[in-house]
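Okay, structure first, notes after.
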Protein chains: 2
Amino acid sequence: MEPTDRKRPTIYDVAREAGVATSTVSRALTNPGRVNARTRDRVVEVAQQLGYRTNPLAQALPSGRTRTVALLVSDVTNPHFFGIIRGAEQQTRAAGCTLILADTEESPDLEAAHIERLSGSVDGFVIAASRMSDQQIGELTDRHRLTLISRQVTGVPSAIVDHEDGTRQIIEHLASLGHRSVVYAAGPRRSWLAAKRWHAIRAVTRKLGLSATRLGPFPPAVRGGAAAADAALGQGATAVIAHNDLLAIGMLRRFTDREVHVPRDISVVGYDDIFGADFCSPPLTTLAGQFDEAGRLAIDLLLGTRDGTRPPQADNQVVLPSHLVVRGSTGRAPS
Amino acid sequence: MEPTDRKRPTIYDVAREAGVATSTVSRALTNPGRVNARTRDRVVEVAQQLGYRTNPLAQALPSGRTRTVALLVSDVTNPHFFGIIRGAEQQTRAAGCTLILADTEESPDLEAAHIERLSGSVDGFVIAASRMSDQQIGELTDRHRLTLISRQVTGVPSAIVDHEDGTRQIIEHLASLGHRSVVYAAGPRRSWLAAKRWHAIRAVTRKLGLSATRLGPFPPAVRGGAAAADAALGQGATAVIAHNDLLAIGMLRRFTDREVHVPRDISVVGYDDIFGADFCSPPLTTLAGQFDEAGRLAIDLLLGTRDGTRPPQADNQVVLPSHLVVRGSTGRAPS
DNA sequence: CAAAGTTTGGCAACCGCTTGCAGTCGATTT
DNA sequence: AAATCGACTGCAAGCGGTTGCCAAACTTTG
């Protein structure tokens with residue numbers, strides 16, 4: 001006894017029962033203005049009573065609209081993406097659509113493969129922290145609806161959390177604590193964010209007369225922290241900005257193991273304010289942003305369902321504000 | 001200039017180009033044995049060179065197989081589900097299928113609604129930590145393919161992490177540290193796991209001659225920790241077992257705020273060994289299980305793609321082993 | 001009251017792929 | 001050499017909706 005769906009009623013059943021043509025049923029259900037109110041009511045009632053549910057596949061085939069969108073993230077287990085996933089999920093649901101989740105494992109090829117595979121079964125893609133090149137993304141945009149999170153490419157809609165102003169906040173915070181130089185523990189070579197963050201760090205430090213050094217790249221995960229921490233100590237750093245909170249937390253652990261005291265001996269700052277940043281030891285000073293909002297926005301941009309309350313940005317590239325959350329991992333520079 | 005997919009080649013294009021009927025193309029591509037090797041090679045070659053990609057929707061419509069499965073989790077932002085999501089994602093991909101992710105927000109109604117909505121666009125459902133009643137689940141099984149994670153219902157395939165043996169490990173650990181009584185900070189009333197865990201705690205404590213008290217229910221999230229911690233202190237507990245790590249971490253924070261020292265004054269144990277359990281303060285003693293494996297297994301069970309290496313369990317209810325990870329949050333009972 | 005203009009609703013052709021059925025043709029059996 | 005048999009492959013009918021086009025019915029207008 002295979003547990004298969006029983007025969008579900010189709011528009012044919014509804015049409016027969018209501019004494020109209022299938023086209024009328026179809027219109028009554030999807031294009032209410034096109035059919036007489038009385039007929040429509042009857043159709044709707046019959047449909048209701050038969051327990052009719054429109055078959056999304058059959059609907060998608062001729063219309064081409066699948067009411068489904070795909071979200072590609074570079075690592076589903078990275079807490080950074082939780083907010084994004086949740087926001088995207090909520091907004092997708094709110095739009096009456098369905099979310100497909102795919103893990104790209106930090107690989108541009110896998111990103112492309114997923115898009116290729118899903119093309120045709122989704123109306124569009126949201127890519128978070130894409131590892132593809134600007135050119136690749138540009139080419140994809142010609143053939144698919146596409147929006148980006150934490151990445152900007154000319155001509156492609158996107159939602160990012162402000163990294164320039166955020167980095168300024170970080171550096172000023174460190175400068176005010178007396179730090180004269182900072183070390184950046186960089187993320188993956190492919191990472192657009194890593195490049196941007198380093199760029200911003202350089203710009204701000206220069207303006208404030210601090211010096212900046214880049215180390216890495218390191219894998220943006222807790223396991224990358226040990227090497228990053230050791231490298232930072234090797235530099236004699238007093239303050240280190242990690243590419244993200246995972247890396248920062250990994251560094252904190254390494255410092256603890258090596259009996260380097262944070263923040264007395266060295267200050268640590270992360271990006272993203274992920275789950276755990278507030279209860280690691282010491283709690284992490286980090287740049288927070290509304291990533292769930294970024295997820296929601298990316299879906300809105302993709303589906304064209306943005307509410308009018310938000311002023312339209314040029315080129316549909318939305319920049320969300322960020323703010324520094326100061327916790328225990330930063331302190332006065334050692335003298 | 002709408003960025004829409006260009007006209008993709010169809011089997012008609014391939015058929016014309018290869019000089020065969022569409023049915024032959026279809027068979028050559030999906031049912032290789034049914035067609036002559038030479039013809040097949042030519043079809044495949046033409047398809048390849050035209051860049052033909054089968055349209056999954058059109059394929060699913062007549063066949064009924066969507067090659068898509070849905071994963072329902074009660075809270076996408078709960079790190080506990082990361083492993084499950086990742087495992088399910090991997091295995092789905094390995095089977096050449098696509099994963100749809102839905103958040104049920106701890107609501108049985110939303111679970112049912114999602115299933116209703118997705119029915120027809122997926123081949124089956126995996127429900128993690130379902131909040132539905134046994135009866136509801138039983139009824140759904142009649143109409144849909146369905147497997148469960150962290151939940152057992154007679155006649156429904158499932159993958160769970162051993163809670164009975166795991167709970168025994170927890171209690172024995174506490175007993176060996178001199179604790180004579182334990183408090184269980186319970187999860188949601190609807191949670192099957194919460195009931196099972198309490199049941200196991202009772203059974204084991206009784207056998208070892210300890211006493212056990214249940215408090216709660218508490219929301220299984222960090223924010224539930226404060227109330228749980230206060231309640232535990234009110235009981236004069238020396239050891240508390242939290243429903244899950246989130247709750248445990250929330251309790252740890254509350255104890256810190258109230259200057260109750262863990263583990264000197266009170267020991268805390270969690271379940272799941274989530275991200276963060278190893279770097280909270282103090283690091284959390286918790287019951288670990290292979291949840292990614294549970295995710296993979298649930299997909300295998302659903303799709304019938306289980307490799308033969310694992311001996312078949314009765315009723316397809318797989319129980320994965322669990323093991324206690326002892327960290328800093330448990331210690332000798334105060335005298 | 002006829003002519004012209006609106007609605008309504010039915011017909012039928014797809015959307016791209018699967019599959020039961022039947023016809024073709026060379027090979028094997030008797 | 002005729003009959004039988006398989007292996008292939010093509011035909012065509014769906015799968016469950018959508019939608020352009022057209023005719024019928026109903027309104028409005030002169």
Between CD1 of B:Ile11 and P of C:dT19 the distance, given in whole Å, is 12 Å
By nearest-heavy-atom nucleotide on DNA chain C, the more 5' of B:Leu57 and B:Asn31 is B:Leu57
| request: Using a cut-off of strictly less than 4.0 Å, decide whether A:Gln59 has a side-chain nitrogen or oxygen near OP1 or OP2 of D:dT18. | output: yes
Output for pair (A:Leu101 CG, B:Thr98 OG1), nearest 0.5 Å, gives 11.0 Å
Rounded to whole Å, CG of A:Asp13 lies from P of D:dC15 at a distance of 11 Å
With five pairs defining each end axis, the helix from C:dC1-D:dG30 to C:dT30-D:dA1 comes out bent, to 10°, by 40°
Working note: A:Glu139 + A:Arg143, criterion salt bridge (Lys or Arg N to Asp or Glu O under 4.0 Å); need CA distance, chi angles, decisive distance, verdict.
CA-CA 7 Å; A:Glu139 286 167 9; A:Arg143 307 190 293 124; over 6 Å; no
So, with a heavy-atom separation below 4.0 Å from DNA chain D, the residues of residues 36-53 of chain A are A:Tyr52, A:Arg53
- Item | B:Arg145 bridged to B:Asp123 by N-O distance under 4.0 Å | no
With the side chain counted from C-beta on, respond yes when B:Arg151 and B:Ile137 share a heavy-atom pair under 4.5 Å apart, and no when they do not. yes
Within residues 21-30 of chain B, those residues having any heavy atom closer than 4.0 Å to DNA chain C are B:Ser23, B:Ser26, B:Arg27, B:Thr30
Considering only heavy side-chain atoms of B:Leu61, the closest of D:dG16, C:dT18, D:dT9 is D:dG16
Quiz item: Does the side chain to side chain donor-acceptor pair (under 3.5 Å) test come out yes or no for A:Ser119 and B:Arg8, once each step is laid out?
Solution: CA-CA 10 Å; A:Ser119 148; B:Arg8 299 206 313 189; 3.1 Å; yes
Closest non-hydrogen atoms of B:Leu303 and B:Ala95, given as atom of the first, atom of the second and distance, are CD2-CB, 3.7 Å
Picking from C:dC17, D:dG17, D:dG10, the nucleotide nearest the side-chain atoms of B:Asn55 would be C:dC17
Test item: B:Arg53 side-chain N/O and B:Gly51 main-chain N/O as donor-acceptor pair under 3.5 Å: no
**Asked** Are any of the side-chain heavy atoms of B:His114 and A:Arg93 separated by less than 4.5 Å?
**Response** yes
Heavy-atom nearest pair, A:Ala159 first then A:Ala298, reads CB-N, 4.5 Å
Legend entry - Expected output: side-chain B:Gln290 to main-chain B:Val161 donor-acceptor under 3.5 Å: no
Non-hydrogen side-chain atoms of B:Arg296 and B:Glu293 separated by less than 4.5 Å = yes
note: A:Tyr12, atom OH; C:dC11, atom P; distance rounded to Å ~ 12 Å
